[in-house]
Amino acid sequence: MLHSFRVFNALALTALALAGHVHSFPTFQWPNVLLAYAEKQLYQGPLDILAQNCPVRINTTIPAQWLRIAYHDMSTHNVDDGTGGLDASIQYELDRSQNVGEGMVDSLTDFGKSFNIRAPFFGMADLMALGAILGVAGCGGPLIPFSAGRIDATEAGPATVPEPQQDLASHTESFRRQGFTPTEMIALVACGHTLGGVRQVDFPLVVTDPEDYVQTFDTTVNFDNAVVSEYLQNTTQNVLVVGPNVTTRSDFRIFSSDGNVTMQSLLSSDTFNETCGTLIERMLNTVPSSVNLTQPISEPFDYVVSQPLFSYRDGNMSMITELRVMNENPSRTITMFWADRQGSTCPSTGCTVPSKATEEVIFGLIGNIQGLSANMYLFNATINPTTSISKFWFEVNENDGSDVIVVDNGGSGFAIEQDSVFVDNSRSEVVLTSTVDFTKLVIAVRGDASSTVSITTFNPFANSSSPPYLPVILAADLQLDESNPSEGGFTFFTTNISNSVNFLDITAIVNSTTIGQENVDLTVASFPEVDIS
Ligand code: HEM
Ligand SMILES: *[C@@H]1O[C@H](CO)[C@@H](O)[C@H](O)[C@H]1NC(C)=O
Ligand SMILES: *[C@@H]1O[C@H](CO)[C@@H](O)[C@H](O)[C@H]1NC(C)=O
Ligand SMILES: *[C@@H]1O[C@H](CO)[C@@H](O)[C@H](O)[C@H]1NC(C)=O
Ligand SMILES: *[C@@H]1O[C@H](CO)[C@@H](O)[C@H](O)[C@H]1NC(C)=O
Ligand SMILES: *[C@@H]1O[C@H](CO)[C@@H](O)[C@H](O)[C@H]1NC(C)=O
Ligand SMILES: *[C@@H]1O[C@H](CO)[C@@H](O)[C@H](O)[C@H]1NC(C)=O
Ligand SMILES: *[C@@H]1O[C@H](CO)[C@@H](O)[C@H](O)[C@H]1NC(C)=O
Ligand SMILES: *[C@@H]1O[C@H](CO)[C@@H](O)[C@H](O)[C@H]1NC(C)=O
Ligand SMILES: *[C@@H]1O[C@H](CO)[C@@H](O)[C@H](O)[C@H]1NC(C)=O
Ligand SMILES: *[C@@H]1O[C@H](CO)[C@@H](O)[C@H](O)[C@H]1NC(C)=O
Ligand SMILES: *[C@@H]1O[C@H](CO)[C@@H](O)[C@H](O)[C@H]1NC(C)=O
């Protein structure tokens, strides 16, 4: 049956391709927790509100701070031995004069203490890359593809950030060690120094007038090549070109190092855009050689499935999941199918449920620039707990005369690894109190009270007041939940956790077998609220 669906699917796609005017988006292969999460943060995450329209902060802009910290963090890379790169080691390097500036701590605070974004597999270094991409786009620059998978360092790297008083030979060698040619050095510095400027309090020997809070590198706030044109027109006020202290005119030495040939080429705004997009992407993807990054994300995936949420109550198991489909179509209808795990009450074509509600997807900064739209479809399947579920899939009907599309994860379906231990989505509660709200987590186990359940929780919000801003990771053993007595072969275990926890791992021992579930995403859960204040 699935076979013929796939042929059907291929024919439908061919028809679309022949029609020629329907843009097709890349297909997502499930499961891939990191890739799905990276795509979601790029297109639907909250960080872009600090990048949209290039907002001002402490005499410069937030995107300028984010681009600078990404470069400084990456500057520890050594191509000769493959060490260093964008690894968040800057959290341990802030006492160095080369990393002076309030923008550094402010940026780390944005990434580590302000948003519920960090995850066990998506650390500060990935956030710094995401920030740079959103910042550049928010200031009108190129759209840079996003790859994730960086690994956060646990200690400082070498002190290898270039400084303005160093000579050209030192800078050329610094950039070589970081993986850039002399020509790329000229362009990358121009790309960086289109945003922000030099702050008097940070560099009093460069900006000598204390009334001058900041000397911007060019006359525009946006990410554009004014830094290049003003330099070539000899009208620039960039203090690293024309500042009173000749020793610190590093931009002049770099920009003119090839007789201005590279700067001349960047006078074309298309070339500037394209060159900066490519070089900043390479800069952000410069990581220690032991790190593997995901494929670059430059478009959203079509047909993205959210993590299913289970609940068991009164003899029925329910599974809630959402499917995001690109391009809004109010007449589209979708049916979810599933196959059972043991026994067979589902017909060979699968049990079915139609989508329950359709929502328009709110895309952020990047999606708006790309002119994207999508719908989100909610499914609430009532599953026989005895026969249970092993996998699910969808049939998408655009109701526009085109063929029905089967979304089955390339034929394998979306597999449910195990149905024996799960966070119970309707028994867990968000508890509102007169003091600190918390979450009463309830985990259902297909087994008896001799089972044991423990969790490791991940709270992205650092509780320290200065960097390094480390996430808070805690382990806990659950106890039998007296308010949810066992029923239907399920036993319920509970503990209280912080509402800030966004991911958790579960380990259960059920009937002498260890069952685990990693990276359970609580941000997609919909626990009922209970007010006890
Ligand atoms: C020889 C290489 C470089 C030198 C000597 C240098 C030097 C400086 C200095 C002195 C500042 C002022 C910082 C402050 O006042 O706190 C600055 C700001 C900045 N740099 Fe560089 N830089 C270099 C390369 C780069 C590169 C490659 C990038 C990124 C691609 C970059 C991005 C920035 C940004 C965005 C700012 C503005 C920060 C803000 O306004 O908050 N720089 N740079
Ligand atoms: C720069 O910062 C100072 C001190 O915070 C503030 O008084 C001043 O208005 C700011 N200037 C600009 C141009 O933003
Ligand atoms: C740079 O490219 C972006 C898209 O990546 C575009 O929106 C912007 O207008 C371009 N800027 C220039 C100056 O060409
Ligand atoms: C650029 O301006 C500086 C002073 O602002 C002047 O000394 C220099 O001769 C000018 N160079 C050119 C090529 O016009
Ligand atoms: C120029 O900058 C260099 C390097 O920071 C510093 O040693 C020197 O004292 C400065 N000269 C003046 C006149 O401020
Ligand atoms: C490069 O351009 C700058 C700014 O116009 C100028 O001062 C400098 O003399 C030029 N250098 C060469 C080698 O043309
Ligand atoms: C990176 O990929 C290689 C080849 O697939 C693999 O051997 C290695 O373990 C991976 N490294 C990490 C940190 O995942
Ligand atoms: C279980 O779900 C089925 C189908 O929705 C419903 O008919 C039945 O009443 C439910 N059983 C209980 C005990 O709620
Ligand atoms: C899903 O269906 C179950 C009944 O099977 C119901 O208890 C639950 O409230 C529903 N959830 C949502 C989000 O509609
Ligand atoms: C526990 O394991 C034993 C031996 O494998 C089996 O006979 C029994 O049915 C299992 N009990 C449950 C509740 O799965
Ligand atoms: C931060 O959280 C950890 C783990 O809960 C705790 O050990 C530590 O004392 C906390 N630090 C502060 C400053 O609250
Ligand atoms: C969770 O918190 C509530 C309210 O403070 C308390 O009554 C309950 O015992 C706690 N549960 C656990 C497992 O600690």
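Whatever order the structure lists them in is the order used to number ligands and atoms, beginning at 1.
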TODO: Would you mind listing which atoms of ligand 5 come within a distance below 4.0 Å of any non-hydrogen atom of Leu205?
DONE: 5 (O), 6 (C)
Task: Aromatic contact, Tyr469 with Phe461 (centres under 6.0 Å) - done: no
- [ ] Examine the side chains of Ser89 and Glu93 and answer whether a donor and an acceptor come within less than 3.5 Å of each other.
- [x] yes
Open item on the list: Please list, in number order, the atoms of ligand 5 under 4.0 Å from a heavy atom of Gln165.
Closed with: 4 (C)
TODO: Taking the side chain as every heavy atom from C-beta outward, state whether Met74 and Arg282 have any atom pair closer than 4.5 Å.
DONE: no
Would you tabulate the polar-atom pairs, meaning N/O of ligand 12 against N/O of the protein, with distances under 3.5 Å, reported to 0.1 Å?
from: ligand 12; atom 1: 2 (O); to: Asn496; atom 2: ND2; distance (Å): 2.2
from: ligand 12; atom 1: 11 (N); to: Asn496; atom 2: ND2; distance (Å): 3.0

Task: Heteroatom proximity flag, Ser256 to ligand 6, N/O under 3.5 Å - done: no
- [ ] Kindly confirm or rule out a cation-pi arrangement of Arg427 over Phe492, judged by NZ or CZ under 6.0 Å from the six-membered ring centre and within 45° of its axis?
- [x] yes
Task: Lys/Arg N to Asp/Glu carboxylate O, Asp81 vs Arg177, below 4.0 Å - done: no
TODO: To the nearest 0.5 angstrom, please state how far the CD atom of Glu518 sits from the CD1 atom of Ile506.
DONE: 11.0 Å
Open item on the list: At less than 4.0 angstrom from any non-hydrogen atom of Gly259, what atoms of ligand 6 do you find?
Closed with: 13 (C)
TODO: Would you check if there is a donor-acceptor pair between the side chains of Asp437 and Asn499 at a distance under 3.5 Å?
DONE: no
Open item on the list: Just to be sure I read this right, does ligand 6 sit under 4.0 Å from the backbone of Tyr231, its side chain, both, or neither, counting only heavy atoms?
Closed with: both
TODO: May I ask you to check if ligand 5 and Asn245 share an N or O to N or O distance below 3.5 Å?
DONE: yes
TODO: Give me the ring orientation class for Phe223 and Phe272: parallel if the planes are under 30° apart, tilted from 30 to 60°, perpendicular past 60°.
DONE: tilted
TODO: If the plane angle is over 60° it's perpendicular, under 30° parallel, otherwise tilted; pick one for Phe121 and Tyr37.
DONE: perpendicular
